[in-house]
Amino acid sequence: MTPRIETRAMSDLPRLTTPWRIGALELPHRVVMGSMHIGLETLDDGGEALAAFYRERAEGGAALIITGGLAVNAEGRGGVDYAVLTDDAVRTRLHRVTDAVHDAGGRIFAQLFHAGRYAVTGGAWQAVAPSPVPWRAARGEVPRALAEVEIAQTAAAFGDAAEAAKAAGFDGVEIMASEGYLLNQFLSPRTNLRTDAYGGDGPRRRAFPALVYAAVRAAVGDGFPVTVRVSGDDLMPGGTSPEDSAEFALALAALGVDALSVGVGWHESTVPTVQLAVPKGAWVATAERIADLLAPLYPEVPVIASNRITDLRDAESVLERGHVDAVALARPFLADPALVARSFAGEHSLVNSCIGCDQACLDRSLTFQPVSCLVNPRAGREVRFPVSLERRRRIAVVGGGPAGLAAADDLAKRGHDVTLFEARDHLGGQFSLAARIPGKEDYLLTVRSAEKRLRAAGAAILTGTSPAAEDLAGFDGVVLATGVRPRAVAIEGADLPHVLDYETALTRGIPAGTVAIIGGGGIGVDTAAFLVEEADEKRRADAFAARYGVEGAAEFARSRPTRALARPRSGSLVTVMRRSGKLGDGIGITLRWVALSNLRDAGVTMLSDLDYRRITAAGVEIAHADGRIELVPGETVVICAGQERNNPLETEIAARGIRYELVGGARDASKVDAVRATGEGLAAARAITR
């Protein structure tokens, strides 16, 4: 059975839509749904939630899905919410998953996983590794070096897990040997300090991964697909050299591997790999190097490229270059389960694009929370929020920002009669502001695709319209998503003409000269980036390539400036201030370090632990914690001190007895972010139609 996808417009993706093989398995197209830990793997629901998650992606055209990492034994778990493949209860749950994917016309591989020293144990067990070398975030925990007998036992555990996967109905397995996990740790001289048969030089460091592959192959037999996720570049000083990575790929091909998927980077690398600051397709050349190495000797071994590819038109361009055989995307399948079906039907404008924010996916995964998606809050919650219509209702959504769009999109998708009101002349709200920040251009794609889907579903969209309460009386319910407005500050001089709120600054621009930013949270950091980072995507990609020495990082970048400034302002002209707490607080854990690093490199001054005394014509007078008084220069002062509710309708609507749901910043502006806003928008769409 093949995925049920539209084919009427496949001509614009001719390479992606050609069949290919992984070993004995024939696949109808060359888009792979890559591995993601979802956080549902250990849920005691008989596998219902995980099965529903994967089923929806298979129904949307994913022909081959790779699961999140499934631990081969208890000590190989990445954390408490990782499932162990050989557990009977897990295998039963996973059988439900494979049945669901097969019923939807897809194929699914189990990723065989061992975290090694990256296991977050919380003291429940001790992490193991080739050598007792802790990683940067280990919080004092030192992994125990595996004894030689334990190495053999661990390889056998991989074989047992592969056998369990086959018994659970999986169509193949992928061995995780990338991203700094156990096999990658054995390959790296940075973490493998052994002097026995499993360390000391390249061939001996490769001995354990080779042993693992042999155990897996012996367990599943020659006809069952076995692939390996290899590291094309660890991006770690003193790590595996490109030559050693190449030798490992050749060794696997010689052993008979059915395909290689190429990853990059370790969790502790100081080179960003998946964040929105990373240019699209930045790591394609890494996979191409391995493909070019294998092609003359092992043309039967396909190579799969991955990382920061979000649009299937870009994936088509990757294949057009003629090196790799397929492309793997992971988070884009969170954002839009129908990514493949829509793209193959030529409906690219309807695709709900991954914006690379990491907030509801990677950030949650690293803190052991169930994964979802900022732009698709149903992701991972398909059972709780099924797409069904019990009774058609007429619903008004007031506000076309993130929360309102999420509510309207869900209502329209389920067949309700939706009218969306937006006071501005365009949709987007805070997303439209975010899209003006260099690197966040794709936030506008979310807005535009939502508008396209709403219009396709027959929703009425009224921009430039602020309804009064009486205008809403005829609806069965109202979702109030009127958002936030910049919060004013009680600082002497805040009413001076050179003082702007962040919304005015981002929409109208900031005059030349020095800029003092009051507020060093996420909005303040974004405002500084707006000033000092390159606006043109192509030039920004060139700068990324030069900074990190990444070959081909600018290959897929487009020249689309995000703001009117032709060139960034010198960071020496910009100061970001925060009264107390961490600079960049509120930015997700995988993005914050990148954002702050970029500002530091640009020369931005960042100050904290201070009091604001007054704003003058020359800047902002502050008092440091040690009592020093300083005048921070600011020919323009931008207030980024948070937000307050914008909720003009609730009182009158309630007085009229109109049924309503209040969401996002309009409900509570304290610590509001887009993840909370879109999640509340979805929940409101369900509550208002009950």
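Please read these numbers as outputs of a predicted model, since none were measured by experiment.
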Ion pair check, Arg378 and Glu382, cut-off under 4.0 Å
no
Should Asp542 and Lys538 count as an ion pair when the cut-off is N to O under 4.0 Å?
yes
If only side-chain N and O atoms count, and only distance matters, is there a donor-acceptor pair under 3.5 Å linking Tyr54 with Glu59?
no
May I ask you to test the Leu506-Ile437 pair for a side-chain heavy-atom distance under 4.5 Å?
yes
Glu48 and Arg55 ion-paired at < 4.0 Å:
no
Quick one: do Leu405 and Leu454 satisfy side-chain contact (heavy atoms from CB on, under 4.5 Å)? Show the steps, please.
CA-CA 9 Å; Leu405 287 173; Leu454 287 171; 4.2 Å; yes
Is the backbone of Thr273 close enough, under 3.5 Å, to the side chain of Trp283 for a donor and an acceptor to pair up by distance?
yes
Please list all pairs meeting ring-ring contact (aromatic ring centres under 6.0 Å, His included) that have one or both residues in residues 390-440, counting only residues at least two apart or in different chains.
Phe431-Tyr443
Shortest non-hydrogen contact from Ala335 toward Cys354:
CB-N, 3.6 Å
Using a 3.5 Å distance criterion without hydrogens, assess whether the side chain of Arg57 forms a donor-acceptor pair with backbone atoms of Phe53.
yes
If you measure from the Lys or Arg side-chain nitrogens to the Asp or Glu carboxylate oxygens, is any gap between Arg331 and Asp358 under 4.0 Å?
yes
Within the side chain of Arg364, is there an N or O that forms a donor-acceptor pair under 3.5 Å with the backbone of Gln359?
no
Thr482 side-chain N/O to Asn646 backbone N/O, donor-acceptor pair under 3.5 Å
yes
List the atom of Ala360, the atom of Cys373, and the distance in Å for their closest heavy-atom pair.
CB-N, 3.7 Å
Using distance alone, with no hydrogens and no angle criterion, decide if Ser317 and Arg313 have a side-chain donor and acceptor under 3.5 Å apart.
no
Check whether any side-chain heavy atom of Val638 sits under 4.5 Å from a side-chain heavy atom of Ile510, and report yes or no.
yes
Starting at CG of Leu531, measure out to CD1 of Ile517 and round the result to the nearest 0.5 Å.
5.5 Å
How close do His29 and Ala63 get, counting heavy atoms only, and between which atoms?
NE2-CB, 3.4 Å
Given the rule in the side-chain contact (heavy atoms from CB on, under 4.5 Å) test, do Phe344 and Leu312 qualify, once you have shown the distances and angles that lead to the verdict?
CA-CA 9 Å; Phe344 282 10; Leu312 292 194; 4.0 Å; yes
Check ion pair Glu644-Arg487 (N to O, under 4.0 angstrom):
no
Can a salt bridge be assigned to the pair Lys280 and Asp311 using a cut-off of 4.0 Å between side-chain N and carboxylate O?
no
If you compare all heavy atoms of Val489 against all heavy atoms of Ala641, which two are closest, and at what distance to 0.1 Å?
CG1-CB, 3.4 Å
All ring pair (Phe, Tyr, Trp, His ring centres under 6.0 Å) counterparts of Phe475, not counting sequence neighbours:
none
Using only atom types and a distance under 3.5 Å, with no angle test, would you say the side chain of Ser449 pairs donor to acceptor with the backbone of Thr446?
yes
CD/Glu441 to CG/Asp536 distance, rounded to the nearest 0.5 angstrom?
9.0 Å
Main chain of Pro377, side chain of Arg381: is a donor-acceptor contact present, judged purely on distance under 3.5 Å?
yes
Given the rule in the side-chain contact (heavy atoms from CB on, under 4.5 Å) test, do Thr419 and Val397 qualify, once you have shown the distances and angles that lead to the verdict?
CA-CA 6 Å; Thr419 300; Val397 177; over 6 Å; no
Please report the closest heavy-atom contact between Val383 and Ala49, naming both atoms and the distance.
CG2-CA, 3.9 Å
What I'd like to find out is whether the side chain of Thr678 reaches to under 4.5 Å of the side chain of Val375, using heavy atoms alone.
no
Is a side-chain N or O of Arg579 found less than 3.5 angstrom from the main chain of Gly519, in a donor-acceptor match?
no
Ile395 side chain reached by Asp417 side chain, heavy atoms, under 4.5 Å:
no
Is there a side-chain contact between Leu339 and Leu329, using heavy atoms and a 4.5 Å cut-off?
yes
Asp336 and Arg342 ion-paired at < 4.0 Å:
yes
For a 4.5 angstrom cut-off between non-hydrogen side-chain atoms, does Phe333 reach Ile65?
no
Hey, mind stepping through Val479 and Val398 against side-chain contact (heavy atoms from CB on, under 4.5 Å) and telling me if it holds?
CA-CA 6 Å; Val479 177; Val398 185; over 6 Å; no
Look at Arg592 together with Asp363 and state whether they make a salt bridge at an N to O cut-off of under 4.0 Å.
no
Can you tell me how far OG1 of Thr689 sits from CD of Glu390, rounded to the nearest 0.5 angstrom?
8.0 Å
Side-chain contact test, heavy atoms from C-beta onward, threshold under 4.5 Å: evaluate it for Met606 versus Arg578 and give yes or no.
no
Would you check if the side chain of Glu422 reaches a backbone N or O of Gly399 as a donor-acceptor pair within less than 3.5 Å?
no
Kindly list each side-chain donor-acceptor pair under 3.5 angstrom involving residues 31-39, sequence neighbours excluded, with atom names and distances?
| unit_1 | atom_1 | unit_2 | atom_2 | d |
| --- | --- | --- | --- | --- |
| Ser35 | OG | Thr67 | O | 2.7 |
| Ser35 | OG | Gln111 | OE1 | 3.4 |
| Ser35 | OG | Gln111 | NE2 | 3.4 |
| His37 | NE2 | Asp81 | OD1 | 3.3 |
| His37 | NE2 | Asp81 | OD2 | 3.2 |

Quick one: are Asp409 and Arg453 in side-chain contact, heavy atoms under 4.5 Å?
yes
Can you tell me if Thr514 and Glu635 form a side-chain donor-acceptor pair at under 3.5 Å?
yes
Please indicate whether Lys413 has more than 12 foreign heavy atoms, meaning atoms of other residues, nucleotides or ligands, lying under 6.0 Å from its NZ.
yes
Take Asp526 and Lys440, measure what salt bridge (charged side-chain N to carboxylate O under 4.0 Å, His left out) needs, and give me the verdict at the end.
CA-CA 10 Å; Asp526 270 356; Lys440 292 189 173 183; 2.8 Å; yes
If you look at every heavy atom in Leu480 and Ala666, which pair is closest and at what distance?
O-CB, 4.3 Å
Could you give the distance from OG1 (Thr504) to CD1 (Ile639), rounded to the nearest 0.5 Å?
11.0 Å
Counting only N and O atoms by type, is there a donor-acceptor contact under 3.5 Å from the side chain of Asn598 to the main-chain atoms of Ala595?
no
Taking Glu680 first and then Arg667, would you say they form a salt bridge - that is, a charged N and a carboxylate O separated by under 4.0 Å?
yes
Got a donor-acceptor contact below 3.5 angstrom from the Glu661 side chain to the Ala687 backbone?
no
Presence of salt bridge, Arg645 and Glu650, under 4.0 angstrom:
yes
How long is the span from the OH atom in Tyr660 to the CG atom in Leu472, to the nearest 0.5 Å?
12.5 Å
About how many Å separate OG of Ser353 and CG of Asp442, when rounded to the nearest 0.5 Å?
6.5 Å
Are Asp410 and Arg414 within salt-bridge range, i.e. N to O under 4.0 Å?
yes
